[in-house]
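In this chain, residues are counted from 1 in sequence order.
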Amino acid sequence: RIDRTRIGVIIGNLALPSEKSSLLTHQLLGRSFEEALLGKSIDTVATDPLNRYVTGLPAGILAHALGLGGGSFTLDAACASSLYAIKLAMDELLEGRADAMLSGGLSRPDPLYTQMGFSQLRALSKRGICSPFDASGDGLVVGEGAGIFLLKRTEDALAHGDRIYGIIRAVGLANDVGGSLLAPMSEGQLRAMHAAYAEAGWKPADVDLIECHATGTPVGDATEVVSLRELWGEHAADKGRCVIGSVKSNIGHLLTAAGAAALTKVLLAMREETLPPTAAFNSPQPGMELERSPFTILKQTVPWKRRGDGVPRRAAVSAFGFGGINAHLLVEEWLPATPGRNITPKEQQPQVDRPPTVAVVGMDARFGPWSSLRAYQERVLGGDSTAAPGSPGNWWGAQTADWFREEGLDNTPFAGFYMGDIQVPAEQFRIPPKEMEEMLPQQLLMLQSAAAAMEDAGLGRDDNLNTAVLIGIALDLNSTNFSYRWSMVNRSKNWGSELGSDLSPEELNEWTARLRDAAGAPLTANRTMGALGSVVASRIAREFRAGGPSFTLSSEENSGISALETAVRLLQKGDINRAIVGAVDLAGDLRAVLGHHAVRPLSRAGRGVPFDSQADGSLVGEGAAAVVLKRLEDAER
């Protein structure tokens, strides 16, 4: 009964390599490596070029498969992604731009990558057991999966005779403004919580169950309890009044799908009228003092009784991610006799005033060799007509030209406007030199562009508590290089045999180590954080102490437009006062170029001539841009 052109898709998705996207590196760069080592390729594997689109494509596939025309994108707000997606989907519904939304979260990256990365961050449980809040808790266990919700306005669900699992009353979003990218902070968590309760008109003590973010890491769990105790304030001594728990004790930490798993658990608990236990919990961490708090952790199920006639069961769901990305969702059971928000028939709803106009107050652009707004202006407005497309200078592998010739792609790589090395003064940003050295270029380039846009707007690091950061990204394919390095353990023995080498186990180990170093850098803690998609936005938020929602969005070529549209909506709704919006794509990477060319051929002639009868494809381009947005009335004032 719903027009499918008015159904959209917004899901959280982890912007990290999948096994298939890593195969692009094995297939393309690995071939050059083998040819340099052996003089031929013996171990090449092929994969579909569409696998380079692992960030936004899951939402696009879902919308295409179901014939949905209401728009689609994914977002990466780290472990808070699912709740961020639900918040944005709710806004689409409540503001009348859609009649139904598919929303939730997905997390299915290359499992070797997550294991290696979390090992470097020292976040994994050495026991292999996730024990949230427990004294024995020593880290997280990674989970994988997806959780999807079909959301409607309540009056539409009633009119359609739908089964209603629950009513979402509010979602509060916030970003930490201090500390490190890894350490959680109560201040940011509390701002997200307070925002949710203020919007719902609830008091914290109204909830019976809090599904916590708790991952089993001692510092994170303890910080979350501190935040909850402060939130409850005068009720902080009401012993055992509210059940807290974490679904991660059952199915592991689903990262970008963690909030979806948590909300699903709460909705099922409401349906079954049962308060759920938390697995692997025996005794709380020392210092939590749960016995002197309003919170209790169950070891077995108990009936979930209502507080009174006509009082719905109420719960909260928290999700706190790397980079200080925080979300808090409030949900209650549906009681048909209970009047509530969003059930007024559409024809009786008050007319909404025209939304505020949004102004661009700062901007930056750095594309190819044009590394500043002024240089870009001269290029596009006719002052610089001398630059011609060039060949890439930093593609890995001395055999690249031979590879192109063998594939019938001429003897020169694709012409385009490539960026080359990305350089930044070491003192420009508050980032330790080693950390800056080991982050992927995508993060550094976007940070540079955002900083230049803020400078253009005359803004600095102060008064940004209600500033959001929204960045459109694709997967930086350099993040797949680690997979090829790891494959050396299995490949080196075959290569040794191919070369006729009779190596002892010790010699083979030494040779393998040298091959690994030749293939690329190891995955360190800095490189783990330096490759996470959400951290592209988090670094900007941390640099400028932006406390509003900060995350990345992906819908391939529409990624930057999706970020811009979302920022405009948040400004018009009054959720934020300012937004830093950007987009970055290192589309000149060898794997990106060949993947693009396989789907939509690039120009063989090396000419970019849109609309022209001689056009034979587009040119390769790469770079980043940023704008700073305010409501027009604020900019004028």
Short side-chain donor-acceptor distance under 3.5 Å, Trp370 and Glu378 = no

query = With distance as the sole criterion, is a donor-acceptor pair present between the side chains of Thr528 and Gln120 under 3.5 Å?
reply = no

request  = Begin with the C-alpha distance, continue with both residues' side-chain angles, and end with the deciding distance and a verdict on salt bridge (Lys or Arg N to Asp or Glu O under 4.0 Å) for Arg600 and Glu557.
outcome  = CA-CA 13 Å; Arg600 283 173 293 179; Glu557 286 87 342; 2.5 Å; yes

query = Can you check whether Glu556's main-chain N or O pairs, donor with acceptor, with Ser559's side chain at less than 3.5 Å?
reply = yes

remark   = Here the gap from Leu553 atom CG to Ile471 atom CD1, rounded to the nearest 0.5 Å, amounts to 9.0 Å

request  = Output yes when a side-chain donor or acceptor of Arg516 lies under 3.5 Å from a complementary backbone atom of Met488, and no otherwise.
outcome  = no

inquiry  = What's the separation between atom CG in Asn526 and atom CE in Met439, rounded to the nearest 0.5 Å?
reply    = 8.5 Å

note = In short, Leu632 meets Ala359 closest at the heavy-atom pair CD1-CB, 3.9 Å

request  = Check the angle between the aromatic planes of Phe482 and Tyr113 and answer parallel, tilted or perpendicular using the 30° and 60° thresholds.
outcome  = perpendicular

note = CD1 of Ile325 to OG of Ser534, rounded to nearest 0.5 Å, is 4.5 Å

query = Is there a donor-acceptor pair under 3.5 Å between the side chain of Arg108 and the backbone N or O of Glu144?
reply = no

Heavy-atom side-chain contact between Leu28 and Phe33 under 4.5 Å = no

key: Derivation and outcome, side chain to side chain contact (heavy atoms under 4.5 Å, CB included), residues Arg578 and Asn464   = CA-CA 8 Å; Arg578 186 184 301 145; Asn464 291 326; 2.4 Å; yes

Which atom of Asn175 lies closest to which atom of Ala541, heavy atoms considered = ND2-CB, 3.7 Å

ask   = Judged by atom type as modelled, is there a donor-acceptor pair below 3.5 Å linking the side chain of Arg52 to the main-chain atoms of Ser21?
value = no

inquiry  = On a heavy-atom basis, which atom in Asp589 and which in Glu622 lie closest, and how many Å separate them?
reply    = N-OE1, 4.2 Å

message = Regarding Ser562 and Ser555, do their side chains bring together a donor and an acceptor under 3.5 Å, going by distance alone?
response = yes

Distance (rounded to the nearest 0.5 Å) between Leu532 CG and Gln443 CD = 7.5 Å

task = Could you walk me through whether Phe322 and Leu181 pass side chain to side chain contact (heavy atoms under 4.5 Å, CB included), step by step?
result = CA-CA 6 Å; Phe322 286 134; Leu181 291 171; over 6 Å; no

ask   = Which is it for Phe73 and Asn558 under the side chain to side chain contact (heavy atoms under 4.5 Å, CB included) test, yes or no, and what are the steps along the way?
value = CA-CA 9 Å; Phe73 63 83; Asn558 286 324; over 6 Å; no

inquiry  = Taking atom CD1 as the centre, does Ile561 end up with more than 12 heavy-atom neighbours from other residues, nucleotides or ligands that are less than 6.0 angstrom away?
reply    = no

query = Between the main-chain N or O of Arg604 and the side-chain N or O of Asp616, is there a donor-acceptor pair closer than 3.5 Å?
reply = yes

query = When you check the side-chain N and O atoms of Asp364 and Ser449, is any donor under 3.5 Å from an acceptor?
reply = yes

key: Short side-chain donor-acceptor distance under 3.5 Å, Thr256 and Ser81   = no

key: Whether Ser103 side chain and Ile10 backbone form a donor-acceptor pair below 3.5 Å   = yes

query = With a 3.5 Å cut-off and no angle check, do the side chains of Arg491 and His26 form a donor-acceptor pair?
reply = yes

ask   = Within a reach of under 6.0 Å around CZ of Arg97, are more than 12 heavy atoms found that belong to other residues, nucleotides or ligands?
value = yes

task = Flag the pair Asp575 / Asp91 as yes when at least one side-chain heavy-atom distance between them is below 4.5 Å, and no otherwise.
result = yes

query = What residue among Asp110, Leu523, Leu23, Leu112 forms side chain to side chain contact (heavy atoms under 4.5 Å, CB included) with Ser483?
reply = Asp110

ask   = Would Leu121 and Leu182 count as a side chain to side chain contact (heavy atoms under 4.5 Å, CB included) if you check the C-alpha gap in whole Å, the side-chain angles of each, and the deciding distance to 0.1 Å?
value = CA-CA 9 Å; Leu121 296 175; Leu182 285 171; 4.0 Å; yes

query = Is there a side-chain contact between Val469 and Val581, using heavy atoms and a 4.5 Å cut-off?
reply = no

inquiry  = Quiz question: by atom type and distance under 3.5 Å, do the side chains of Thr47 and Gln27 form a donor-acceptor pair?
reply    = no

ask   = Any chance the side chains of Ser22 and Thr480 put a donor and an acceptor closer than 3.5 Å?
value = no

ask   = How far does CG of Leu564 sit from CG of Leu629, to the nearest 0.5 angstrom?
value = 6.0 Å

query = Would you find a donor on one side and an acceptor on the other, under 3.5 Å apart, between the side chain of Glu92 and the backbone of Lys87?
reply = no

inquiry  = Using side-chain heavy atoms (C-beta onward) and a distance below 4.5 Å, is Leu62 in contact with Leu102?
reply    = yes

note = Separation between CG (Leu173) and CG (Leu83), nearest 0.5 Å, reads 8.5 Å

inquiry  = I'd like to know if the side chain of Arg366 pairs up with that of Ser372 as donor and acceptor (distance under 3.5 Å, no hydrogens or angles considered).
reply    = no

inquiry  = Could you tell me if the side chain of Ser479 sits less than 4.5 Å from the side chain of Gln442, heavy atoms only?
reply    = no

message = Minimum heavy-atom separation for Val9 and Ala59, please, with both atom names.
response = CG1-CB, 4.0 Å

task = Please report the shortest heavy-atom distance between Ala258 and Cys79, naming the atom on each side.
result = CB-O, 4.1 Å

query = Do Thr25 and Leu477 touch side chain to side chain, with heavy atoms closer than 4.5 Å?
reply = no

message = Is the shortest side-chain heavy-atom distance between Leu444 and Val424 below 4.5 Å?
response = yes

key: Trace of the salt bridge (Lys or Arg N to Asp or Glu O under 4.0 Å) decision for Glu34 with Arg31   = CA-CA 5 Å; Glu34 283 190 331; Arg31 177 171 176 173; over 6 Å; no

note = Minimal heavy-atom distance between Ala625 and Phe367, with the atoms involved, is CB-CZ, 3.6 Å

request  = Compare all side-chain heavy atoms of Phe544 with those of Ile540 and state whether any distance is below 4.5 angstrom.
outcome  = yes

ask   = What's the verdict on salt bridge (Lys or Arg N to Asp or Glu O under 4.0 Å) for Arg485 and Asp517, showing C-alpha distance, side-chain angles and the deciding distance?
value = CA-CA 8 Å; Arg485 175 187 165 91; Asp517 290 338; 3.2 Å; yes

request  = For Lys40 and Glu498, run salt bridge (Lys or Arg N to Asp or Glu O under 4.0 Å): C-alpha distance rounded to whole Å, both residues' side-chain angles, the deciding distance at 0.1 Å, then the answer.
outcome  = CA-CA 10 Å; Lys40 60 181 180 180; Glu498 189 71 24; 2.6 Å; yes

query = Does the Ser107 side chain pair with the main chain of Leu14, one donor and one acceptor, at a distance under 3.5 Å?
reply = no

message = Does atom CD (Glu455) have a neighbourhood of more than 12 heavy atoms from anything else shown, all under 6.0 Å?
response = no

ask   = Under 6.0 Å from the OH atom of Tyr376, do we count more than 12 heavy atoms belonging to anything else shown?
value = no

task = Could you tell me whether a side-chain N or O of Ser497 sits under 3.5 Å from a main-chain N or O of Lys493, the two making a donor and an acceptor?
result = yes

query = Can you check whether Gln614's main-chain N or O pairs, donor with acceptor, with Arg607's side chain at less than 3.5 Å?
reply = yes

